*Asks:* 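After the structure tokens below, expect a handful of questions from me.
Numbers restart at 1 for each chain; the letters A, B, ... are given by sequence-line order, proteins then strands. These figures come from a predicted structure and were not determined experimentally. Heavy-atom basis, side chains included; hydrogens, waters and symmetry copies ignored.
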Amino acid sequence: MLPDGVTLHDGFLDAVAQIALVGALRTVAAVAPPRRMEAPNGRRMSVAMTSAGRVGWVTDRKGYRYEPRQMNGAPWPPIPAEALAIWRAVSGWDSDPDCLLLNHYAEGAKMGLHRDADEGEFAAPVVSVSLGDPARFRIGGLARRDSTKSFELRSGDVLVMGGASRLIWHGVDRIRYGVSPLLARGGRLNLTMRVVAG
DNA sequence: AAGTAGCT
DNA sequence: GGTA
């Protein structure tokens, strides 16, 4: 039983769709290379990130925020049509997302419990797509201290966090590296689409 | 004394 | 996934 507002579309993308999406994301990564950024506390994150869309999510010692340009001054690449199609199918939101955040989990990468709270529009859901190696996903409640539970997210799964769970705490405990044949170098790709409205 | 996209 |  998932919290109210969280929907898991198990196996939403078949193998063909997963391959097509990975191909489109390769183009994103070529224009805006994923990099391991610094959290405001100065620690380098294990997950490498980049973005597509009108704005991209960045972090450094100045804090978390959305920026209209990459560090090198170039705009972010457009959000691939394959990703927008998923958003339109599952988000229930009228407009398209402003940002696609692309996270690459190499072997050993993980992400601590956090909330997606840097957007200006919390009525719109966050749509998360998993590709490649499986991840042990942890989900809590609206308060940091709320109890958590975990389950596995597999390649092709689409998770929607919206409604009462839009600001829910969540994270990735670990990935099971080398399980999926989808990505040549292994690891996990996660993309999340957000309405930033700022 | 919170708050935590980090660390054990 | 709850502490320090």
Side-chain angles (χ1 to χ4, degrees), chain A residues 1-6 8 25 28-29 32-53 55-71 76 79 83 97-122 124-153 157-162 164-177 187-198:
Chain A
M1 188 67 181
L2 292 168
D4 187 44
V6 178
L8 175 61
L25 296 173
V28 169
R35 49 191 192 85
R36 291 176 55 195
M37 297 188 271
E38 275 180 25
N41 64 11
R43 314 310 288 246
R44 200 153 156 254
M45 296 170 66
S46 61
V47 176
M49 306 173 143
T50 188
S51 293
V55 289
W57 187 86
V58 299
T59 174
D60 55 26
R61 268 156 295 194
K62 290 186 298 205
Y64 311 131
R65 62 198 182 277
Y66 286 92
E67 290 282 0
R69 302 197 163 265
Q70 305 181 44
M71 217 169 45
W76 303 97
I79 300 176
D98 297 302
C99 174
L100 178 152
L101 178 59
L102 177 59
N103 294 162
H104 178 251
Y105 293 73
E107 185 170 17
K110 55 193 189 304
M111 188 174 294
L113 216 57
H114 70 281
R115 306 183 287 175
D116 296 352
D118 307 310
E119 301 75 29
E121 179 56 88
F122 296 134
V126 171
V127 172
S128 164
V129 183
S130 295
L131 294 166
D133 287 329
R136 174 58 47 175
F137 184 75
R138 185 163 295 278
I139 192 161
L142 292 176
R144 180 66 174 76
R145 59 186 175 147
D146 288 346
S147 66
T148 65
K149 61 183 170 182
S150 70
F151 56 92
E152 190 161 82
L153 249 22
D157 289 353
V158 174
L159 186 76
V160 181
M161 290 180 286
S165 291
R166 171 60 181 78
L167 289 167
I168 209 163
W169 288 85
H170 60 281
V172 172
D173 290 351
R174 60 188 171 81
I175 68 163
R176 290 201 288 128
Y177 183 80
R188 172 177 188 250
L189 245 29
N190 173 72
L191 58 97
T192 50
M193 289 176 276
R194 302 103 183 273
V195 174
V196 177

*Asks:* Pick base, sugar-phosphate or nothing for A:Ser150, based on heavy-atom distances below 4.0 Å to the nucleic acid.
*Replies:* nothing
*Asks:* Answer yes or no: is there an ion pair linking A:Asp133 with A:Arg174, defined by an N-O contact shorter than 4.0 Å?
*Replies:* no
*Asks:* Measure from CZ on A:Arg145 to P on B:dA1 and round the result to the nearest Å.
*Replies:* 17 Å
*Asks:* Please give, in whole Å, the distance from B:dC7 C1' to A:Asp173 CG?
*Replies:* 14 Å
*Asks:* Which one of A:Arg43, A:Lys62, A:Arg61, A:Arg44 satisfies the side chain to side chain donor-acceptor pair (under 3.5 Å) criterion with A:Glu38?
*Replies:* A:Arg61
*Asks:* Could you pull out all residues at least two apart from A:Phe151 that satisfy ring pair (Phe, Tyr, Trp, His ring centres under 6.0 Å)?
*Replies:* A:Phe137
*Asks:* Rounded off to whole Å, could you give me the CG-to-C1' distance for the A:Asp146 and C:dG2 pair?
*Replies:* 12 Å
*Asks:* Which atoms form the tightest heavy-atom contact between A:Pro3 and A:Gly140, and what is the distance?
*Replies:*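 Closest approach of A:Pro3 to A:Gly140: CG-O, 4.3 Å.
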*Asks:* To the nearest angstrom, how far is A:Asp116 atom CG from B:dT4 atom C1'?
*Replies:*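 Result: 15 Å.
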*Asks:* Quote, to the nearest angstrom, the C1' distance that separates B:dC7 from B:dG3.
*Replies:* 15 Å
*Asks:* Taking atom P of B:dG3 as reference, at what distance in whole Å does atom CG of A:Asn41 sit?
*Replies:* 16 Å
*Asks:* Across the strands shown, which category fits A:Trp57 at heavy-atom distances under 4.0 angstrom: base, sugar-phosphate, nothing?
*Replies:*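 Base contact.
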*Asks:* Taking atom P of B:dT4 as reference, at what distance in whole Å does atom CZ of A:Arg138 sit?
*Replies:* 19 Å
*Asks:* Take atom CG of A:Leu167 and atom C1' of B:dT4, then tell me their distance rounded to the nearest Å.
*Replies:* 16 Å
*Asks:* As a test of your reading of the structure, name each stem of DNA chain C as range with range, where a stem is three or more consecutive Watson-Crick or G-U pairs at under 3.5 Å.
*Replies:* none
*Asks:* Check side chain to side chain donor-acceptor pair (under 3.5 Å) between A:Ser51 and all other residues, then give those that pass, not counting sequence neighbours.
*Replies:* none
*Asks:* For DNA chain B, which residues of residues 100-113 of chain A approach it to below 4.0 angstrom with any heavy atom?
*Replies:*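 Output list: A:Lys110, A:Met111, A:Gly112, A:Leu113.
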*Asks:* May I have all residue pairs that pass salt bridge (charged side-chain N to carboxylate O under 4.0 Å, His left out) and include part of residues 104-118 of chain A, sequence neighbours excluded?
*Replies:* A:Asp116-A:Arg194
*Asks:* With sequence neighbours excluded, what pairs up with A:Arg166 under the salt bridge (Lys or Arg N to Asp or Glu O under 4.0 Å) test?
*Replies:* A:Glu119
*Asks:* Between P on B:dC7 and NE2 on A:His114, what's the gap in Å once rounded to a whole number?
*Replies:*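 Rounded to the whole Å, the gap is 14 Å.
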*Asks:* Suppose you measure atom P in B:dG6 against the same atom in B:dA2; what distance do you get, rounded to whole Å?
*Replies:*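 Comparing P positions in B:dG6 and B:dA2 gives a spacing of 23 Å.
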*Asks:* Looking only at heavy atoms, what is the nearest atom pair of A:Arg188 and A:Ser130, with distance?
*Replies:* NH2-OG, 2.8 Å
*Asks:* Output the distance between atom CG (A:Asn103) and atom CG (A:Leu189), rounded to the nearest 0.5 Å.
*Replies:*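 Nearest 0.5 Å value for the CG-CG distance: 8.5 Å.
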